[in-house]
Each structure stands twice: as C-alpha cells, then as structure tokens.
Engineer: 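Have a look at this one.
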Amino acid sequence: MDSVDIKQEDDITRILMPENFTAALIPPLQAKLKQLIGAGSRTIIFDLQATRMLDSSGIGLLTATANSLAPVGGRMEVVAVAPDIFRLLNMMRLVERLNVSE
C-alpha cells in the first residue's frame with residue numbers, strides 16, 4: 001500500500017499523498033484527520049504532486065475534511081494537482097469548494 005506522509009507545524013498540517021489516493025488509504029487517514037482537527041489543526045493542505053489516481057472515496061475524504069474544518073473556522077487546500085484530476089474536480093464543481101490549485 002502507498003504511504004501517506006503527514007507533516008505538522010503549529011496549526012498547519014501538510015499531507016503528502018501517494019500515487020494512488022484511493023479507498024485503501026481512507027480509514028486510517030480519516031481517523032488521523034479527526035485526531036488532528038480535534039487537537040487544533042486548522043489548516044490542512046493535501047499535496048497531490050505525486051498523485052495520479054483519485055477515486056470517489058478520495059473525493060469523499062476531501063469533502064468530509066472540508067466539512068469538518070468549516071465549523072471550527074478551519075481551511076483546507078488541495079495543491080499541486082495533476083491536470084486530469086483538476087479537470088475531474090472542476091467538472092464536479094469542487095475546485096472552489098475544496099480550494100484546489102494545479
């Protein structure tokens with residue numbers, strides 16, 4: 001399984017996602033995100049520079065993370081997104097909602 005690299009500094013968490021951002025990664029990552037938000041992380045940055053595959057479970061995790069941060073005044077960003085993934089998220093009208101940048 002691909003691994004996820006999580007780096008935290010103060011209230012900012014950067015998550016370097018592997019090549020495949022798919023269902024296999026979701027349960028442990030979801031638990032870790034709940035823990036981080038509960039501990040005060042208010043900015044979560046998903047770095048997709050290495051990611052080439054994003055499935056519906058990954059999109060669900062991104063949306064759920066944004067939803068969890070909103071009530072506590074947090075912010076999520078999705079950065080370094082491959083053009084194909086950007087087009088997919090744009091077609092789904094999620095680029096602005098998830099703060100996605102290429």
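Small disclaimer: the values here were computed from a predicted structure and weren't measured. Just the heavy atoms: all of them, side chains too, but no hydrogens, waters or symmetry mates, feed the values below.
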Engineer: Could you tell me which non-hydrogen atom of Ile37 sits nearest to which non-hydrogen atom of Ser68, and how far apart they are?
Structural biologist: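 Minimum heavy-atom contact is CD1-CB, 3.9 Å.
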Engineer: Are Glu77 and Arg75 within salt-bridge range, i.e. N to O under 4.0 Å?
Structural biologist: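 Yes, charged N to carboxylate O under 4.0 Å.
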Engineer: Once rounded to the nearest 0.5 Å, what's the spacing between atom OG1 of Thr13 and atom CG of Leu33?
Structural biologist: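 Taking OG1 in Thr13 and CG in Leu33, the distance rounds to 8.0 Å.
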Engineer: For Asp5 versus Lys7, what's the shortest heavy-atom pair and its separation?
Structural biologist: OD2-CE, 3.1 Å
Engineer: May I ask whether Ile59 and Phe86 are part of the same hydrophobic cluster, defined by side-chain heavy atoms of I, L, V, M, F, W, Y residues being less than 4.5 angstrom apart, directly or through others?
Structural biologist: yes
Engineer: Would you name the heavy atoms of Asp11 and Gly40 that are closest together and state the gap between them?
Structural biologist: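 So the minimum-distance heavy-atom pair works out to CB-O, 3.5 Å.
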Engineer: Look at the side-chain heavy atoms of Ile, Leu, Val, Met, Phe, Trp and Tyr, link any pair under 4.5 Å apart, and say whether Ile12 and Ile15 land in one connected group.
Structural biologist: no
Engineer: Does the side chain of Lys32 reach to within under 4.5 Å of the side chain of Pro28, using non-hydrogen atoms?
Structural biologist: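 No, side chains not in contact.
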Engineer: Please determine whether residues Phe21 and Leu16 belong to a single hydrophobic cluster, defined as Ile, Leu, Val, Met, Phe, Trp and Tyr linked transitively by side-chain heavy-atom distances below 4.5 Å.
Structural biologist: no
Engineer: Nearest 0.5 Å please: distance from the CD atom of Gln30 over to the CD atom of Gln35.
Structural biologist: 13.5 Å
Engineer: For Val100, run the side-chain contact (heavy atoms from CB on, under 4.5 Å) check against Val81, Leu94, Asn90, Val79 and tell me which one passes.
Structural biologist: Val81
Engineer: Between Thr51 and Glu19, does the side chain to side chain contact (heavy atoms under 4.5 Å, CB included) criterion hold? Intermediate values first, please.
Structural biologist: CA-CA 4 Å; Thr51 304; Glu19 184 174 356; over 6 Å; no
Engineer: Nearest 0.5 Å, please: how far is OG1 in Thr65 from CZ in Phe46?
Structural biologist: 4.0 Å
Engineer: Working to the nearest 0.5 angstrom, can you tell me the gap between Ser3 OG and Leu29 CG?
Structural biologist: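 It is 11.5 Å, given to the nearest 0.5 Å.
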Engineer: To the nearest 0.5 Å, tell me how far Arg14 CZ sits from Glu9 CD.
Structural biologist: 10.5 Å
Engineer: Give the minimum heavy-atom separation between Ser41 and Ile44, together with the two atoms involved.
Structural biologist: OG-CG1, 3.9 Å
Engineer: Is the side chain of Asn20 donor-acceptor paired with the backbone N or O of Thr22 at a distance under 3.5 Å, no angle test?
Structural biologist: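 Here the side-chain-to-backbone pair does not exist.
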Engineer: Once you round to the nearest 0.5 Å, how far does CZ of Arg42 lie from CG of Leu36?
Structural biologist: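 Rounded to the nearest 0.5 Å, the CZ-CG separation comes out at 10.5 Å.
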Engineer: Check for me, please, whether Met53 and Leu89 land in the same ILVMFWY cluster - side-chain distances under 4.5 Å, paths through other members count.
Structural biologist: no
Engineer: Search all heavy atoms of Asn99 against all heavy atoms of Met76 and return the closest pair with its distance.
Structural biologist: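 Here Asn99 and Met76 meet closest at ND2-O, 2.8 Å.
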Engineer: How close do Ala23 and Asp55 get, heavy atom to heavy atom, and via which atoms?
Structural biologist: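 Looking at all heavy atoms of both residues, the shortest contact is N-OD2, 3.1 Å.
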Engineer: In the single-linkage hydrophobic clustering (I, L, V, M, F, W, Y; side-chain heavy atoms under 4.5 Å), do Leu62 and Leu69 co-cluster?
Structural biologist: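 Yes, same cluster.
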